[in-house]
Number of protein chains: 2
Amino acid sequence: MGAATLADVAARAGVSVATASRALSGSRPVAPDKRRRVLEASRALGYQPNAVASALRASRTRTVGLLLPRYSTLFLSALIEAVSTSLDDHDVALVLRHADPDEAFDTHVRALRARRVDGIVLSAPSIEAGRAAVAGAGDVPVVQVGRFVDPDATDSVGLDEDRATGLLSDHLAAGGARHALAVGLDPATPADRRRLAALRTAGEQARLSLRVAAFDGSDLNGGIRAGERLVAQGFSGHDSIVAANDEVAAGLMAVLRLNAVRVPGDVQVASLLDLTPGARTHAVTTLRHPWPAMGREAVRLLQQPRRPEDDVARRVQLAPALVIAPSTRSPETVSAQEKS
Amino acid sequence: MGAATLADVAARAGVSVATASRALSGSRPVAPDKRRRVLEASRALGYQPNAVASALRASRTRTVGLLLPRYSTLFLSALIEAVSTSLDDHDVALVLRHADPDEAFDTHVRALRARRVDGIVLSAPSIEAGRAAVAGAGDVPVVQVGRFVDPDATDSVGLDEDRATGLLSDHLAAGGARHALAVGLDPATPADRRRLAALRTAGEQARLSLRVAAFDGSDLNGGIRAGERLVAQGFSGHDSIVAANDEVAAGLMAVLRLNAVRVPGDVQVASLLDLTPGARTHAVTTLRHPWPAMGREAVRLLQQPRRPEDDVARRVQLAPALVIAPSTRSPETVSAQEKS
DNA sequence: TTGTAGGCGTTATCAT
DNA sequence: ATGATAACGCCTACAA
């Protein structure tokens with residue numbers, strides 16, 4: 001036999017189901033003694049309200065879908081965790097689906113609609129995939145998260161990478177940098193081109209010139225190769241290095257250390273992208289993506305849905321945080337040096 | 001107004017809801033022409049069956065809960081993906097919850113029970129947490145997955161790490177190793193202590209001695225630091241290195257290469273844990289955890305629930321696969337060298 | 001083969 | 001303040 005129902009609780013407490021419901025939900029006043037009896041009966045029977053029945057009655061499941069491409073990275077893992085945690089606070093359940101990258105997203109959207117989710121958070125691997133998903137969502141509210149977003153179609157949460165690179169440029173300049181070298185960025189890809197442009201723009205403000213090193217990969221070995229070339233050819237005036245991400249920076253740092261190049265003494269090193277969202281300590285100054293805040297914002301946008309017609313899609317832009325490590329000179333250090 | 005219901009479809013097709021239901025589910029024969037009309041009406045209205053109503057009626061949600069500790073690692077990320085993908089094949093939805101490590105798991109178990117999940121997959125951060133969760137689950141089937149499992153309480157899926165470390169020891173020994181150094185493992189944590197014990201046991205069989213290097217972190221930088229110490233202090237007879245995971249190994253390899261230490265010529269390097277389940281090529285010999293299989297097994301155990309009394313808890317043990325890369329000497333290479 | 005009707009568990013409405 | 005009752009949408013005995 002199944003779990004206790006509201007009717008069981010009501011019977012045991014000697015009241016009607018209506019009263020029992022009101023006593024438990026607090027939706028209306030109930031006489032104190034009856035209320036007490038209901039609560040007692042509920043505990044005695046181990047009553048668990050049936051969310052399915054409640055959802056049917058209310059036409060609201062308190063459930064949102066999260067739809068992601070397969071082949072997870074730490075990125076997506078951090079996003080899942082952020083959304084999941086934010087939803088817990090609202091007592092909303094998360095239904096997760098992974099789509100094959102080449103697979104049509106709308107199959108999954110349909111599955112989520114069948115489950116009557118109250119909303120969908122979507123991180124598509126391309127703008128087109130996102131558009132298809134949005135089209136299939138019908139009147140279910142959708143929030144797009146991540147890099148590939150059609151900002152006009154639905155509410156969305158994105159990263160303000162330009163702002164972030166600005167922070168980094170300013171920090172390096174405040175530490176005395178004048179000539180920066182970008183390592184591990186591939187001008188052949190649109191995303192990296194955009195980052196370089198942002199760095200350049202920010203650099204102009206901060207009087208920080210930028211040169212782009214030849215691309216040899218954006219991973220550990222890429223950093224090592226770049227470092228070796230750099231050591232062999234000399235720094236030719238560069239006093240700071242901006243690495244594409246923490247891995248490139250780690251490889252670079254290893255080579256520099258081996259060759260007795262002092263960091264940050266001879267050259268400052270920073271990274272544009274923190275790859276270890278969970279890490280407590282960092283060896284390299286880096287930009288950390290604000291995953292928890294992104295999750296919170298996505299959930300907030302879903303919980304406060306805009307009305308479809310009379311409003312424009314909302315777009316939240318969050319800036320990564322600058323995490324300062326001893327691979328760069330903080331302003332304090334600079335002033336201390338200037339004093340000496 | 002909401003989505004089309006079965007009644008709408010039936011009305012449009014000029015049949016009763018019962019006939020419409022049967023036509024769509026195929027649970028009973030329906031006259032061909034009526035069937036066609038129902039399908040037509042269904043498509044015309046964009047009918048999506050309401051899984052909530054269906055679940056209420058059937059007392060079955062086609063939903064399972066996945067309960068994990070927060071602070072995701074790639075480990076958990078791979079597990080999520082594996083379970084999620086396996087469930088899709090069964091048309092079962094995944095409800096995901098992240099628990100704070102110190103937080104009581106049973107709060108989350110209650111939430112899942114309220115949602116009437118058909119089963120729960122659990123990866124607890126400790127045996128105690130798992131036990132509490134199992135106790136709170138009542139008659140909802142539970143499968144425990146991962147390292148901390150009470151094998152008597154419920155069905156479970158585990159990793160045969162001892163077997164795996166044995167494979168690795170044998171492989172290194174077959175490549176000529178006699179003295180191994182463990183890097184990136186922290187004897188202060190129970191999990192790593194256990195791995196070290198397993199390595200030691202397996203080593204005795206294979207005549208491979210084991211020393212444990214000082215712990216400096218189990219990530220990329222930890223590997224780099226360990227490598228630098230090793231190069232500075234000399235290898236003192238060690239002919240092979242067992243790294244805690246691929247990241248540590250990558251850092252190590254980078255430093256070794258920079259210092260012209262030949263791998264596997266001077267020293268073999270292997271990793272205990274593949275962190276990039278998707279990768280096609282590996283630079284380091286490693287143990288790949290069978291995530292997809294673990295997900296499949298967990299789902300299978302849930303779908304074929306044992307009867308509570310008259311049976312014993314099932315335990316599936318899966319062994320990681322040894323993925324051989326050029327960082328170790330394969331037996332073939334050894335025999336070739338022995339010939340020369 | 002088809003239709004009618006009851007019930008899954010909850011909550012809102014309408015009386016009292 | 002409380003109780004009876006009607007939905008929410010689907011499925012399936014049971015009847016025809």
Side-chain angles (χ1 to χ4, degrees), chain A residues 1-39 41-42 45-63 91 93 113-118 140, chain B residues 1-39 41-42 45-63 91 93 110-111 113-118 140:
Chain A
M1 56 140 280
T5 74
L6 194 56
D8 300 331
V9 174
R12 189 177 224 264
V15 299
S16 72
V17 285
T19 301
S21 171
R22 299 195 264 251
L24 290 170
S25 74
S27 64
R28 301 207 144 211
V30 168
D33 59 326
K34 301 203 172 180
R35 208 245 295 273
R36 201 175 27 72
R37 283 191 351 247
V38 169
L39 293 175
S42 163
L45 295 174
Y47 171 68
Q48 290 281 2
N50 184 328
V52 176
S54 184
L56 179 60
R57 171 65 227 227
S59 303
R60 174 156 187 238
T61 52
R62 304 193 68 82
T63 292
D91 191 33
R113 290 234 285 172
R115 292 235 142 58
R116 296 302 191 266
V117 296
D118 299 330
V140 179
Chain B
M1 51 139 280
T5 75
L6 193 56
D8 300 331
V9 174
R12 189 177 225 265
V15 300
S16 72
V17 285
T19 301
S21 171
R22 300 197 262 253
L24 290 170
S25 73
S27 65
R28 303 207 145 210
V30 168
D33 59 326
K34 300 203 174 179
R35 207 244 296 273
R36 200 175 29 71
R37 273 176 16 229
V38 168
L39 293 175
S42 163
L45 296 174
Y47 171 68
Q48 290 281 2
N50 184 328
V52 176
S54 189
L56 179 59
R57 167 66 226 230
S59 304
R60 175 159 187 235
T61 52
R62 305 193 68 82
T63 292
D91 192 32
R110 254 199 301 285
R113 290 235 286 173
R115 293 230 140 60
R116 295 300 189 269
V117 294
D118 299 329
V140 180

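- In this entry the distance linking CD of A:Q48 with P of C:dT10 reads 11 Å, nearest Å.
- Side-chain contact check for A:R12 versus A:L45: some heavy-atom pair is nearer than 4.5 Å.
- Residue contacts for A:V15: at a heavy-atom cut-off of 4.0 Å it reaches the sugar-phosphate backbone alone, with no base atom in range.
- The CG-P distance, from B:L56 to C:dG6, rounds to 17 Å in whole Å.
- Remark on DNA chain C: of its neighbouring residues B:D33 and B:A53, the 5'-side contact belongs to B:D33, judged by nearest-heavy-atom nucleotide.
- On the nucleic acid side, DNA chain D contacts chain B at distances under 4.0 Å to non-hydrogen atoms, with the end points of that region at D:dG9 to D:dA13.
- Rounded to the nearest 0.5 angstrom, B:D118 CG and B:T61 OG1 are separated by 3.5 Å.
- B:R113 places none of its side-chain heavy atoms less than 4.5 Å from the side chain of B:R115.
- Taking CZ of A:R116 as the start and CD of B:Q48 as the end, the distance is 7.0 Å to the nearest 0.5 Å.
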Reading 5' to 3' through nucleotides 11-16 of chain C, protein heavy-atom contacts under 4.0 Å coded B for base, S for sugar-phosphate only, - for none = BBB---

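- Residues B:T19 and B:V30 are in side-chain contact: their nearest non-hydrogen atoms beyond the backbone lie under 4.5 Å apart.
- No contact: A:V52 has no heavy atom under 4.0 Å from any strand.
- For the pair B:N50 CG and C:dT10 C1', the interatomic distance rounds to 15 Å; values are reported in whole Å.
- No engagement by B:S59 is indicated, since no non-hydrogen atom pair under 4.0 Å with the nucleic acid exists.
- Atoms CG and OH, from A:D8 and A:Y47 in turn, are 9.5 Å apart once rounded to the nearest 0.5 Å.
- Note: CG (A:D8) to P (C:dG9) measures 9 Å, nearest angstrom.
- Side-chain nitrogen and oxygen atoms of B:K34 include at least one within less than 4.0 Å of the OP1 or OP2 phosphate oxygen of C:dT2.
- Two residues are said to be in side-chain contact when any heavy atoms from C-beta on lie closer than 4.5 Å; B:L24 and B:S42 meet this criterion.
- For the pair A:N50 and A:T5, the minimum side-chain heavy-atom distance is 4.5 Å or more.
- For CZ of B:R35, the number of neighbouring non-hydrogen atoms (other residues, nucleotides, ligands) closer than 6.0 Å is 12 at most.
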